[in-house]
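These notes are about the structure you will find just below.
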Amino acid sequence: MSYAETIEYLYGLQKFGIKLGLENMERLMDILGRPERDYRKIHVAGTNGKGSTSAIIASLLRSSGLKTGLFTSPHMVRFTERIRIDSEEIDENEVVEITGFIRERLPEGLRPTFFEFVTALAFRYFSLKKVDAAVIEVGMGGRLDATNVIRPEISVITRLGMDHREFLGDTLQEIAFEKAGIIKEGIPVVVAKQEDVAIEVIRQKALKTGSPLYLYQKDFRGILKEISPRGIIFDYYDEDGSTATSPLILHDLFLPLTGEHQLENACIAIKAFLLFWWRSNSQKSGFGDKIKTEEAIKKVISQGLRSVRWPGRLELIVKDGIHYLFDGAHNPQAASQLSRALKDIYLKSYRRIILVLGIMADKEANGIIEPLSQVSEVIIATQPEYKRALNSGALEALIIEITKRSKEIYRCPSVSEAITKAEELYREGDLIVITGSFYLLGEAKVFLGEPERLRKLSERI
């Protein structure tokens, strides 16, 4: 098959829908010779921040000298963004070859979903390329997610919120139960600050599995010292002794991702990396020999943080004199974080926000609109070319209802029209913020000129 035909085949697996459960993946892994066992892994679940945290962990591992895989979802523009080794996306020819290899071996009756197949593809790719370690981001939930066939060195749970309720449950306790499903017997778990009810669920699962539990702001913490559009500067404190260099204090670390929420993500990533290093050292894997001293640890962490690149998270782009900010805030919690960043960081430099907003129909639109409308003077309702997208007319009606017409509001049925309208309204000193969905970001980037050989975005997951 050609690459175009391969992608067409993969997208065609959407007809099998979303199927939570591990039966298909266990069979796939057996058929492929259990490739996921060929390298060390860190498993990352959560509602918000798991993508950024995964990217930071991968950068820290690379900085330590390890050949590092990174599996994330969804992608914004290119399918190949999902699977990377040392920041390099998987080659299209590799996608074709591995897809064909897996297809040839699928037995009659085994019908993997899109995400199951792509997860298997990633696991085999990392095995073939002989990575030392891989950071694996959960697709949805955790307990029954396709990625949960792995046994990692470290498990990570970022901030939890009310998302994917049709699959994960209607309460935070139920969602926490699903996310805590990635905790494996005896495997350390690093956890972000959570609501008490969520922490209790996670704590009980850790006790049941005998898994050491490390909580942000209890066992380790960060102090934000400076925040700007270019990133954050912070101090990291770790006093529990798990790093074998207790207490560990790192001053003036720089992360080129901005927003207060990135402080927590960075600290969680550092803690996961330190635990990985400590376990590897105690198991005499050879990894620990590369960073024997506390000074070496500090150097690796500092370099790893500075090297992080993660598009679509408060990503500022200037083109033809126009300033655009891309952020994938797709639920109320993420929208609140974006709103706070716009108020505390960007409105100190820009005179007004022109908001281009597109939301999926299964998301809590009101909770996304409310915080973002408070910092925007102009709002343009649009919809990505995707079957789950909320109709731009329905979105406009919600915006009018929430803002009481106190804003300048427009409706543009397509993303290209929305961006064109925003550019018409743009004046020097403005900032165009494109947000609400990663699907929207992908289409916007293509329209603004990011290369993409396959622009069939309407079928992208």
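One-based numbering along the sequence shown. Remember, predicted model here, so these are calculated numbers, not experimental data. Reckoned from all heavy atoms, side chains included, excluding hydrogens, waters and symmetry mates.
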Would you give the length of the straight line joining atom [atom1] of [X] to atom [atom2] of [Y], rounded to the nearest 0.5 angstrom?
X	Y	atom1	atom2	answer
I268	I56	CD1	CD1	9.0 Å
Y125	E94	OH	CD	5.0 Å
E364	D362	CD	CG	10.5 Å
L253	S302	CG	OG	6.0 Å
I380	I432	CD1	CD1	7.5 Å
M1	Y9	CE	OH	7.5 Å

Backbone N/O of [Y] and side chain of [X]: donor-acceptor pair under 3.5 Å:
X	Y	value
S416	S414	no
D132	K67	yes
T47	G161	yes
N391	A394	yes
D320	I322	no
S127	F123	no
S54	K50	yes
T158	N48	yes
S63	V300	yes
E443	E385	yes

Show the nearest heavy-atom pair for residues [X] and [Y], with the distance to one decimal.
X	Y	answer
T258	Y346	CG2-OH, 3.2 Å
A45	V138	CB-CG2, 3.7 Å
A206	V189	CB-CG1, 4.5 Å
L441	G328	CD2-N, 3.7 Å
F126	R84	CE2-O, 3.4 Å
Q194	A198	CB-CB, 4.0 Å

Cationic tip of R230 within the cone over F254's six-membered ring, i.e. under 6.0 Å and within 45° of the normal?
yes
Only one of I353, I399, L357, I379 passes side-chain contact (heavy atoms from CB on, under 4.5 Å) with S373; say which it is.
I379
Any non-hydrogen side-chain atom of [X] less than 4.5 Å from a side-chain atom of [Y]?
X	Y	value
P311	F326	no
L32	F101	yes
L66	F276	yes
P107	R27	yes
I419	E423	yes
S376	K407	no
R279	I187	yes
L440	T435	no

Heavy-atom neighbours of [X] [atom1] exceed 12 at 6.0 Å:
X	atom1	answer
E195	CD	no
E89	CD	yes
E185	CD	no
E23	CD	no

Any salt bridge linking [X] with [Y]? Criterion: basic side-chain nitrogen under 4.0 Å from a carboxylate oxygen.
X	Y	answer
E315	R313	no
R352	D430	yes
E264	K193	no
K179	E174	no

Starting from the C-alpha separation in whole Å, work towards a yes-or-no answer on salt bridge (charged side-chain N to carboxylate O under 4.0 Å, His left out) for R34 and E36.
CA-CA 5 Å; R34 307 304 304 201; E36 81 286 5; 2.8 Å; yes
Evaluate the criterion side-chain contact (heavy atoms from CB on, under 4.5 Å) for residue pair V149 and T119; output intermediate values, then yes/no.
CA-CA 10 Å; V149 293; T119 301; 6.0 Å; no
Consider only side-chain N and O atoms of [X] and [Y], and report whether a donor and an acceptor are under 3.5 Å apart.
X	Y	result
Q383	Y439	no
S392	R411	yes
Q374	E370	yes

Are R62 and S87 close enough, and set up right, to give a side-chain hydrogen bond (donor to acceptor under 3.5 Å, both in side chains), and what steps lead you there?
CA-CA 9 Å; R62 282 198 312 275; S87 295; 3.2 Å; yes
In terms of relative ring orientation, are H75 and F79 parallel, tilted or perpendicular, with 30° and 60° separating the classes?
perpendicular
Apply the test side-chain contact (heavy atoms from CB on, under 4.5 Å) to residues N265 and H261: give CA-CA distance (whole Å), side-chain angles for both, the deciding distance (0.1 Å), then the verdict.
CA-CA 7 Å; N265 294 338; H261 57 288; 4.2 Å; yes
Steps toward side-chain contact (heavy atoms from CB on, under 4.5 Å) verdict (Y216, L263)
CA-CA 11 Å; Y216 180 65; L263 171 66; 3.8 Å; yes
May I have the step-by-step check of side-chain contact (heavy atoms from CB on, under 4.5 Å) for F234 and L305, ending in yes or no?
CA-CA 11 Å; F234 66 100; L305 290 174; 3.8 Å; yes
